[in-house]
Novice: 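Sharing a structure below in structure tokens format, with a few things to ask.
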Amino acid sequence: MTQRAIRAPAMTFRGDPFHLAPGEALQYWPDALILIEDGKFLRIDDAESGLAVLPGDVALTHYPDALICPGFIDAHVHYPQMQMIGAFGAGLLEWLDKYTFVAEQDFADAAHARDVAKRFLRELLRAGTTTASVYCTVHPQSVDALFEESVRFNTRMIAGKVMMDRNAPEALLDTAESGYAQSKALIEKWHGRGRQLYCITPRFAPSSTEAQLEAAGRLWREHPGTYVQTHLSENQGEIEWVRQLFPERSSYLDVYDHAGLTGPRAIFGHAVHMEEEDFACCHRTGSALAHCPTSNLFLGSGLFRMFDAKKVERPVRVGLGTDIGAGTSFSQLQTLGEAYKVAKLGGHALTAEQGFYLATRGGAEALRLDDRIGSLAPGYEADFVVLDLKATPLLEFRLSHARDLAETLFVLMTLGDDRAIRATYIAGEPVYERDRAESFVYPEPTP
């Protein structure tokens, strides 16, 4: 039995701030004592009462001028695109052809995949992200490389091999049969191994034949507990292409629904151009959407309608995605800043409470993991981030004038970035500490 204690201000969510009055969803401890045992939260108390009963042999770490919150959750990200983040492109389809498909061919080399996976996991942790839903490439070794590195850090990752059997370079194509067989082998190898979870990953409807989409649906039915991720209604040109390729389907989402790819643990990236029938289908089936604001702004795809998705009469689960590499930052703080601007352009104001919910508990709910991550609560996996309220001179000065927690959070999501991440804990272990001589450290293997 291994215990450690952390002292700092802390916050978590008890409910959905899109549907509760301001302040009702959020729980805040101005001075908390967090007791961790064997990788999970054991107790969270006010520091005064917690210290009074803390055993003398328990190591205590104190973070003054900080704020602890659950680890950030990235609901949509491409690790192979890390090497071409910031690539100039006029629009989604041209950008895919010119940059993405070129970069992904490099992952036929397993050594290259391992190198990028190591860099990718470290950038996630530097940004305070503790769980992500990750697209690999068509190559099975790209999946192995990511999961192998995730096992070393003990992070909870959801990932899968991209399936594409048309409309991509020959070097990136599989077939309906080989995509099914390779994905099945990867499921058997990785799903449920430690904290790793497998995600069946047809890239998007235009790059999969109907036969491949049906094979992906069959694979999902055969392996309960796995995930599905793909792209949906990101770009008007893409939507028109889907209409031409699947003329018998009533909408882009209907292509996936017809193939059996909607339901709990289905995650659709972008969903910028949605009709009411699409939102209703997501609500009815329990499918989730991943909002990727920096990507949608970078490629000029459009404005995600967050407040339509979250309508109280038929709410849809929504997480926040960085979508590296069309997305321009690993930081969920920066991503939240752009989400605020997207909402504002759409006529709504995204509060800091709503934003931090999307990046933590909301993301966990979208990924159907809200029974184990996304909250600071007894029994939950102790994945959390320590935010430094004095990370930069500007942040320190601005926060010295913040009147309450809501203003503090809003400043963090408009001025914060990876510099504000003082430490990232995975299952109670500080695998990243910004100011440590060796910032990244693998935790000791569990006996």
Novice: Check whether the side chains of Ser331 and Asp417 place a donor and an acceptor atom closer than 3.5 Å, and report yes or no.
Specialist: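 No pair is found: no donor N or O on one side chain lies under 3.5 Å from an acceptor on the other.
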Novice: Start with the C-alpha distance between Thr335 and Met413, add both sets of side-chain angles, then the distance that settles side-chain contact (heavy atoms from CB on, under 4.5 Å), and finish with yes or no.
Specialist: CA-CA 8 Å; Thr335 303; Met413 82 181 221; over 6 Å; no
Novice: Using a strict 4.0 Å threshold on nitrogen-to-oxygen distance, state whether Glu123 and Lys118 make a salt bridge.
Specialist: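 Salt bridge between Glu123 and Lys118, a charged N being under 4.0 Å from a carboxylate O: no.
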Novice: Could you give the side-chain donor-acceptor pairs of residues 336-344 under 3.5 Å, partners two or more places apart or in another chain?
Specialist:
from	atom 1	to	atom 2	distance (Å)
Glu338	OE2	Lys341	NZ	2.9

Novice: Using 4.0 Å as the upper bound for N to carboxylate O, is an ion pair formed by Arg314 and Glu276?
Specialist: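 Here Glu276 pairs with Arg314 in a salt bridge, since their nearest N and O are under 4.0 Å apart.
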Novice: Give a yes or no on whether the ring-centroid distance for His348 and Phe307 is below 6.0 angstrom.
Specialist: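 Distance test on ring centres: under 6.0 Å, yes.
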Novice: Look at Glu104 together with Arg203 and state whether they make a salt bridge at an N to O cut-off of under 4.0 Å.
Specialist: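 Salt bridge between Glu104 and Arg203, a charged N being under 4.0 Å from a carboxylate O: yes.
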Novice: Check whether NZ of the Lys or CZ of the Arg Arg218 lies under 6.0 Å from the centre of the six-membered ring of Tyr180 and within 45 degrees of that ring's axis.
Specialist: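 Yes, cation above the ring, under 6.0 Å and within 45°.
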Novice: Answer yes or no: is there an ion pair linking Lys310 with Asp16, defined by an N-O contact shorter than 4.0 Å?
Specialist: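 Yes, Lys310 and Asp16 are salt-bridged.
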Novice: If you draw a 6.0 Å radius around CD in Glu313, do more than 12 non-hydrogen atoms from other residues or ligands fall strictly inside?
Specialist: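 Atom CD in Glu313 is packed in, count exceeds 12.
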Novice: Pairing donors with acceptors under 3.5 angstrom, does anything connect the side chains of Trp241 and Asn167?
Specialist: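 No.
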Novice: Taking atom types as modelled, is there a side-chain donor on Thr209 or Asp165 under 3.5 Å from an acceptor on the other?
Specialist: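 Distance-only check passes for Thr209 and Asp165.
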Novice: Does one side chain, of Gln83 or Asp106, offer a donor that lies under 3.5 Å from an acceptor on the other?
Specialist: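 The answer is yes; a qualifying pair exists.
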Novice: Do the side-chain N and O atoms of Tyr227 and Ser133 include a donor-acceptor pair separated by under 3.5 angstrom?
Specialist: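 No.
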Novice: How about Asn235 and Ser301: does a side-chain donor come under 3.5 Å of a side-chain acceptor?
Specialist: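 Not at all, the side chains of Asn235 and Ser301 share no donor-acceptor pair under 3.5 Å.
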Novice: Applying side-chain contact (heavy atoms from CB on, under 4.5 Å) between Leu376 and each of Ile44, Asp383, Thr360, report the one that passes.
Specialist: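 When side-chain contact (heavy atoms from CB on, under 4.5 Å) is applied between Leu376 and each of Ile44, Asp383, Thr360, only Ile44 qualifies.
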Novice: Any Lys/Arg nitrogen of Asp388 or Arg434 sitting under 4.0 Å from an Asp/Glu carboxylate oxygen of the other?
Specialist: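 Yes.
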Novice: Are Arg122 and Glu149 ion-paired here, with the side-chain N under 4.0 Å from a carboxylate O?
Specialist: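 Judged by the 4.0 Å cut-off on N to carboxylate O distance, Arg122 and Glu149 do form a salt bridge.
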Novice: Check this for me: does any side-chain nitrogen of one of Arg195 and Glu381 sit under 4.0 Å from a carboxylate oxygen of the other?
Specialist: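 Glu381 and Arg195: salt-bridged.
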